[in-house]
Amino acid sequence: MSTTTATASTHLTLSTCNLNQWSLDFTGNTARILQSCRIARSRNSTYRLGPELEICGYGCEDHFLENDTLAHCWDCLATMLESGATDGMVCDFGMPVLHGGVRYNCRVICHDRKVLLVRPKTAMADNGNYREGRYFTPYHPPSSGEVEVHVLPPQFQKKFGQSSAPFGLHSITTRDGVTFGCESCEELWTPRSTHIELALRGVDIIGNGSGSHHELRKLSARMDLILNATKKCGGVYLYSNQRGCDGGRTYYDGCAMIVVNGRIVAQGPQFDVEEVCVVTATVDLEEVRSYRAANPAFGMQAVTVAGGEGGGMRALFCEGVCLMNEENAIRPRVPEKDLELKVYTPEEECCLGPACWLWDWLRRSGAAGFFLPLSGGADSSSVAAIVAVMCILVTKAARENPTGDVAAECRRICRKDEGNALWVPSTPQEMANCILHTTFMGTDNSSEVTLSRARRLSEAIGSYHLSIKIDLMVNAVLEVFRLTTGHMPRFVSRGGTMTEDLALQNIQARLRMVTSYLFAQLLPWVRGRTGFLLVLGSANVDEGLRGYMTKYDCSSADLNPIGAISKGDLKRMLLFLSKEYPGFEVLGEIASAPPTAELRPIDAATATAEAGHSQTDEEDMGMTYEELGAFGRLRKIARCGPVSMFKKLVITWNHLSPSEVAAKVKRFFYYYSVNRHKMTTITPAYHAEAYSPDDNRFDLRQFLYNTKWSLQFSAIDEIVARYPDEDVHDKDKND
């Protein structure tokens, strides 16, 4: 029986993916792309979408300025076409392209070993960690409306008989009447998003290949944009993203997704240790067309767009391309129920994101494991817990597939790859004992409480643990100073000055850093193994913002998984893990203890049982961690200087008098500016918080300030003078 209009298929199977790409790893990136294409084809997909700049990796940065990077991308694309990746399937790849002497961030759409379209990006991401405008130019179509032509490299003529391809903001219409187009990452976030005009022009399927990194509480905002894109305009929307660390501070958090008319029909995981994840769904285009046609307002605007200039957009007809499922194909399986959006809590994000980031660093750096100075406090314990979560994720993946890539990497790192063809850790603790080395570096100023917490935590997670005293080194350095100068510094509590006191605290902290690198180099040798250990730092974002750390102490390391996470979020993470995993109860005890540096002698009269010490961080800093978080968000996210910060806080902090608020704001900006130089040497940290003070890539500000802030502080004083001098504390008592 011949096919009629009524009986023709309206179903098609589509795939998108999360790929753990690595900048400039062209061979590995190509292999992962090919694997995603094979998986998509095995599921009968006729369309496959990949992440932004997937061939070279999103984080190439100034390597984008090298012509080698662009040339290698074309070579890899040719390799993929030769391998049959696009045979019978439309593939939307991401790569940089030089067109007319201008470098563009492009989508290259291919089918049956031909390039159908080179589609340039129109809006650059230039905020926060993004610097796309440094490498690429936003595309503007020619005013004539003509279809530009891009000349392909000579090898495409020789191998595939194609010398050129269309270039521009066009969509593609297939022989079976399906129209698909592109929206590239940042374009989704702009006020005039590309998907609106694409939908009004009748584009059925929109693919968005992105390079979007993780940030706490960011996923919901990103997903709202995707869901609303098709809830308002109708259509099928595919989202692809990198997932993993591609060589820097950021972690791309995946979450590939397929949405139809504002409904989620398929979603990939946000965090994972697998390198390739393909998300597939069969959709019915009849739903899209019916959804749009039922909206009169959509029809009226669509008619207006169709009669306009089009902004350089045309629908290019491709006779040789079909996307609909064949009538004789397997009966299509369309999802019966919509999926609920899976969004992790901030506590889960704090451990899962950095855990996956550390796994990428560990396996790609060639290291044999990690070394962590474990003090028993909240910060270093958080880092230890994150490594423990990494071991949980890797052990689970390795045991589920002992012949897979994760298991093979685990065997190599744990030095079990010789004579143990299918060895996998029986427990996360077994893996942790191979790769995590923790050491409590105590002095006479350390308490038995933190010593006990460090030991119990190491036992819970399974790390190779040592407890040592470094007083011998401290005393040796001080003796050298005494012999040289004839002076011996003393703590304030023992008759010294604050200058002496700080110097005595700092030498303890700095010797811990030196000891860390010594042990990181030699512990594998001590254990009869080969390789080196990556040293992990444990300074949180609030301490970095305030400068409450010693330059070149244990905040100086190879990596810092918590450097952009607040103390409050870390404590909530510890409480979450203490309840989530049996045996981790000590984390709850650590989270509840007052933070202390333990660098001064213990005053038995003021030491508390919880802290085990008389010195506390918040007393030393002159502000609470909660207040530091508020200062950080206003300074970076709300873009406040001293005056505008005070004007906001004097309204919201109504439990304090205006003069008290002013004093706190001034104190913060003084210590922020006097310590800003410490951010120039800060350890590369996992990017998690929008108010991170990381000077290297994210928070671009000077590091030599006039710390008097004379004009700014005098303006604050003028505003304080306008308010009545009320005692808010007495008022609270009366209330």
Side-chain angles (χ1 to χ4, degrees), residues 271-273 347-348 350-352 354-363 367-378 380-402 404 406-417 420 422-440 450-467 519-520 523-524 526-529 531 533-536 538 559 561-562 573-591:
F271 307 110
D272 200 1
V273 293
E347 299 91 280
E348 293 173 297
C350 283
C351 57
L352 290 172
C356 295
W357 183 75
L358 284 178
W359 172 242
D360 284 344
W361 267 99
L362 179 60
R363 65 193 183 87
F370 298 119
F371 180 86
L372 172 66
L374 183 59
S375 70
S380 62
S381 297
S382 294
V383 175
I386 287 169
V387 177
V389 171
M390 184 202 81
C391 292
I392 291 170
L393 296 174
V394 173
T395 299
K396 180 177 182 293
R399 293 190 66 79
E400 288 176 351
N401 184 9
V406 175
E409 295 275 30
C410 182
R411 282 190 287 273
R412 178 182 60 81
I413 294 167
C414 293
R415 304 304 192 254
K416 302 285 188 180
D417 52 342
N420 296 278
L422 293 180
W423 178 89
V424 293
S426 57
T427 64
Q429 286 78 7
E430 182 181 8
M431 180 181 174
N433 187 260
C434 292
I435 62 104
L436 179 59
H437 305 70
T438 55
T439 300
F440 180 85
T450 51
L451 172 65
S452 169
R453 287 171 183 154
R455 175 184 54 78
R456 286 182 284 142
L457 177 58
S458 69
E459 290 172 353
I461 64 182
S463 66
Y464 177 88
H465 185 67
L466 300 171
S467 294
F519 277 61
L523 278 183
V526 169
R527 302 183 69 187
R529 301 180 179 186
L533 305 178
L534 292 170
V535 178
L536 298 180
S538 55
L559 299 169
I562 67 166
M573 180 194 77
L574 291 175
L575 291 171
F576 163 75
L577 292 175
S578 71
K579 300 171 184 176
E580 183 74 9
Y581 297 108
F584 282 16
E585 291 79 8
V586 67
L587 293 176
E589 179 185 333
I590 292 170

Can you tell me how far apart [atom1] ([X]) and [atom2] ([Y]) are? Round to the nearest 0.5 Å.
X: I386; Y: L352; atom1: CD1; atom2: CG; answer: 10.0 Å
X: F371; Y: T439; atom1: CZ; atom2: OG1; answer: 3.5 Å
X: L559; Y: L372; atom1: CG; atom2: CG; answer: 12.0 Å
X: I392; Y: T427; atom1: CD1; atom2: OG1; answer: 10.0 Å
X: R455; Y: T438; atom1: CZ; atom2: OG1; answer: 12.0 Å
X: F519; Y: H437; atom1: CZ; atom2: NE2; answer: 11.5 Å

Can you check whether [Y]'s main-chain N or O pairs, donor with acceptor, with [X]'s side chain at less than 3.5 Å?
X: R412; Y: R363; result: yes
X: H465; Y: S458; result: no
X: R411; Y: K416; result: no
X: S578; Y: L575; result: yes
X: E585; Y: K579; result: no

For [X] against [Y], the heavy-atom pair lying closest together:
X: S467; Y: L451; result: OG-CD1, 3.8 Å
X: V535; Y: A520; result: CG2-CB, 3.6 Å
X: A460; Y: F584; result: O-CE1, 3.7 Å
X: S426; Y: R399; result: CA-NH1, 3.3 Å
X: R453; Y: V586; result: O-CG2, 4.2 Å
X: L577; Y: A385; result: CD1-CB, 3.7 Å

(message) Under 6.0 Å from the ring centre and within 45 degrees of the ring axis: does the NZ or CZ of R527 meet both conditions for the six-membered ring of Y464?
(response)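 That pair qualifies as a cation-pi contact.
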(message) Let's go through I435 and V387 carefully: what are the C-alpha distance in whole Å and the side-chain angles of both, what is the deciding distance for side-chain contact (heavy atoms from CB on, under 4.5 Å) to 0.1 Å, and is it a yes or a no?
(response) CA-CA 9 Å; I435 62 104; V387 177; 4.0 Å; yes
(message) Parallel, tilted or perpendicular, judged at 30° and 60°: which one describes the rings of W357 and W361?
(response)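 Taking W361 first and then W357, their aromatic rings stand perpendicular (interplane angle over 60°).
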(request) Apply side-chain contact (heavy atoms from CB on, under 4.5 Å) to the pair S382 and L574, showing each step before the final yes or no. (result) CA-CA 7 Å; S382 294; L574 291 175; 3.7 Å; yes
(message) Quick check: do L374 and S381 have side-chain heavy atoms less than 4.5 Å from each other?
(response)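 Yes - at least one pair of side-chain heavy atoms lies under 4.5 Å apart.
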(message) Ignoring hydrogens and geometry beyond distance, is a side-chain donor-acceptor pair present between S538 and S380 at under 3.5 Å?
(response)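 No pair is found: no donor N or O on one side chain lies under 3.5 Å from an acceptor on the other.
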(request) State, without any angle test, whether S375 and T450 hold a side-chain donor-acceptor pair at a distance under 3.5 Å. (result)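 No, no side-chain donor-acceptor contact under 3.5 Å.
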(request) Check the pair R415, C434 against side-chain contact (heavy atoms from CB on, under 4.5 Å), reporting the backbone distance first and the verdict last. (result) CA-CA 8 Å; R415 304 304 192 254; C434 292; over 6 Å; no
(request) Apply side-chain contact (heavy atoms from CB on, under 4.5 Å) to N401 and V406, showing your working. (result) CA-CA 8 Å; N401 184 9; V406 175; over 6 Å; no
(request) Run the salt-bridge test on R456 and E589 with the 4.0 Å N-O cut-off and return the result as yes or no. (result)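 E589 and R456: salt-bridged.
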